[in-house]
*Asks:* 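Let me give you the structure first, and then I'll get to my questions.
Note: hydrogens, waters and symmetry copies are ignored here, and every other heavy atom, side chains too, is used. Atoms within a ligand are numbered from 1 in the order they appear, just like the ligands themselves. The structure presented is a predicted model; accordingly, all values stated were derived computationally and were not measured.
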Amino acid sequence: MKVPLLDLKEQNEALRPEVEAALGRVLDANAFILGDEVAAFEKELAEYCDAAYTIGCASGSDALVLAMMALDIGPGDEVITTPYSFFATVSAITRVGATPVFVDIDAVDMNLDVSLIEAKITERTKAIEPVHLFGQCADMTALQNIAAKHGLRLVEDAAQAIGSEENGRRAGSIGDIGCFSFYPSKNLGGMGDGGILTTNDEQIASRLKALRVHGAEKRYHHRWIGLNSRLDGFQGAILRVKLPHLDGWTAHRRDNAERYRQLFSERQLSELVTVPTELEGRKHIYNQFVIRVRNRRDELKAFLAEKGIGTDIYYPIPLHLQECFAYLGYKKGDMPESEKAAADTLALPIYPELSADKLEYVVDSIAEFFAR
Ligand SMILES: *Cc1c(COP(=O)(O)O)cnc(C)c1O
């Protein structure tokens, strides 16, 4: 049996007629950059994310950079964030000339440990940038309280968290700005690069709208120095086809997670691996289902590969230890929980179309590994 980490074929084949029709509409209109399909998608996504405004852009990475620019974050400013995330979370801060200040993660949900934040706030701190890692929201209630107390901005890196919730509030609708990615492996994946920003602040929204077109509010009148970062018409049209299916896909991912938990416990594997839990008041959308394997993670990964099972490590090197960030002066041991996670996490297949027998095969194979 072959079980890839992610299989896009089934999902995309099922939608092929609708996708082709959507591509045809863009071709008919010759609206390749932004245009009506993107505008319609922005509206539909605003509703989905419970945000007043949405601004499509070229990628999730760009969304994060645009967010920093829109909040006037630049040289001399500090932004508090997590070292246990995808690279773009932190490069967005350095791209605008600001300094990332790392705070370690919580051992359970692997999101920012909110109890460590206040000690890192200085007079230069401008914002906190939490990541809703793997599809579970960070503790936004606590983060909002800290941000309000210290007059800080909140930028949500919601690239992995479309539709996830904290206390009934959707990811991206809670902070000052939310940033999403439509990279094909995200829960709502395009057929190319794409991203979007969400905000409830009209002024921020209009600034973002300008920043994505070189900072021009009116064509050829550049109020700011922005980026060239727009969502293209084909992506907008494709994402409109996919969005109505998203809740169904999320439900399948959540069912798969529940089934994994059941099987791990039935097979008495709970002592050997830690499975992700959904915290009180959060709605996890399982962009990734990441287990933790003490000591033997790499061995297990190799064993599963031999069994035809795809897994991956998110993330093998925490960002405070990346070569390009050496100038920030962090060293091994500074972020113990992040470093521990980098050594013991393993993402298992969780995609919506994953069949029950394939899922069971994954758990059986893990049981076989530990029984050897
Ligand atoms: C995917 C991702 C991004 C970047 O999105 P791209 O569209 O690939 O640029 C940023 N942050 C996190 C946490 C991500 O998972």
*Asks:* What about Y183: any of its N or O atoms under 3.5 Å from an N or O on ligand 1?
*Replies:*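 Such a contact does not occur with ligand 1.
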*Asks:* Is a salt bridge present between R292 and D344, judged by a nitrogen-to-oxygen distance below 4.0 Å?
*Replies:*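 Salt bridge flag = yes for D344 with R292.
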*Asks:* Are the charged groups of E368 and R372 less than 4.0 angstrom apart, N to O?
*Replies:*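 Salt bridge absent between E368 and R372.
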*Asks:* Taking the side chain as C-beta and beyond, is there a heavy-atom pair between L346 and L304 under 4.5 Å?
*Replies:*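 Yes, close enough: below the 4.5 Å cut-off.
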*Asks:* For ligand 1, is any non-hydrogen atom under 4.0 Å from S85's backbone (N, CA, C, O), its side chain (CB onward), both, or neither?
*Replies:*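 Under 4.0 Å from ligand 1, S85 contributes side-chain atoms alone.
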*Asks:* Is it the case that ligand 1 has an N or O less than 3.5 angstrom from some N or O of A88?
*Replies:*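 No, no N or O pair falls under 3.5 Å.
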*Asks:* Which of the numbered atoms in ligand 1 are under 4.0 angstrom from any heavy atom belonging to S59?
*Replies:*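 Once the distances to S59 are compared, the set is 7 (O), 9 (O).
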*Asks:* What is the closest protein heavy atom to atom 3 (C) of ligand 1, and at what distance does it sit?
*Replies:*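 Going atom by atom, the protein heavy atom closest to atom 3 (C) of ligand 1 ends up being F86 CD2, 3.5 Å.
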*Asks:* Answer yes or no on whether R170 is positioned over the face of Y48, meaning its NZ or CZ is under 6.0 Å from the six-membered ring centre and within 45° of the axis.
*Replies:*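 Checked: cation-pi criterion met.
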*Asks:* So H222 and H214, would you call those rings parallel, tilted or perpendicular, with 30° and 60° as cut-offs?
*Replies:*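 Ring orientation of H222 relative to H214: perpendicular.
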*Asks:* Would you say D62 and ligand 1 have an N/O pair spaced under 3.5 Å apart?
*Replies:*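 Min N/O separation from ligand 1 is not below 3.5 Å for D62.
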*Asks:* Do K126 and D77 sit within salt-bridge range, that is, some charged N less than 4.0 Å from a carboxylate O?
*Replies:*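 Looking at K126 and D77, the cut-off is met.
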*Asks:* Can you tell me the protein heavy atom closest to atom 1 (C) of ligand 1 and the distance?
*Replies:*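 Checked against all protein heavy atoms, atom 1 (C) of ligand 1 sits closest to K186 NZ, 1.7 Å.
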*Asks:* Considering heavy atoms of the protein only, find what lies nearest to atom 7 (O) of ligand 1 and give residue, atom and distance to 0.1 Å.
*Replies:*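 Of every protein heavy atom, S181 OG, 2.6 Å lies nearest to atom 7 (O) of ligand 1.
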*Asks:* Are any of the N/O atoms on D157, whether in the backbone or the side chain, positioned under 3.5 angstrom from an N/O atom of ligand 1?
*Replies:*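 The answer is yes, given that D157 and ligand 1 share an N or O pair closer than 3.5 Å.
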*Asks:* Students should be able to answer this: which protein heavy-atom is nearest to atom 9 (O) of ligand 1, and at what distance?
*Replies:*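 Ranked first by proximity to atom 9 (O) of ligand 1 is S61 OG, 2.5 Å.
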*Asks:* Against F264, only a single residue in L272, T274, I366 fulfils side-chain contact (heavy atoms from CB on, under 4.5 Å); can you say which?
*Replies:*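 Filter result, single survivor: I366.
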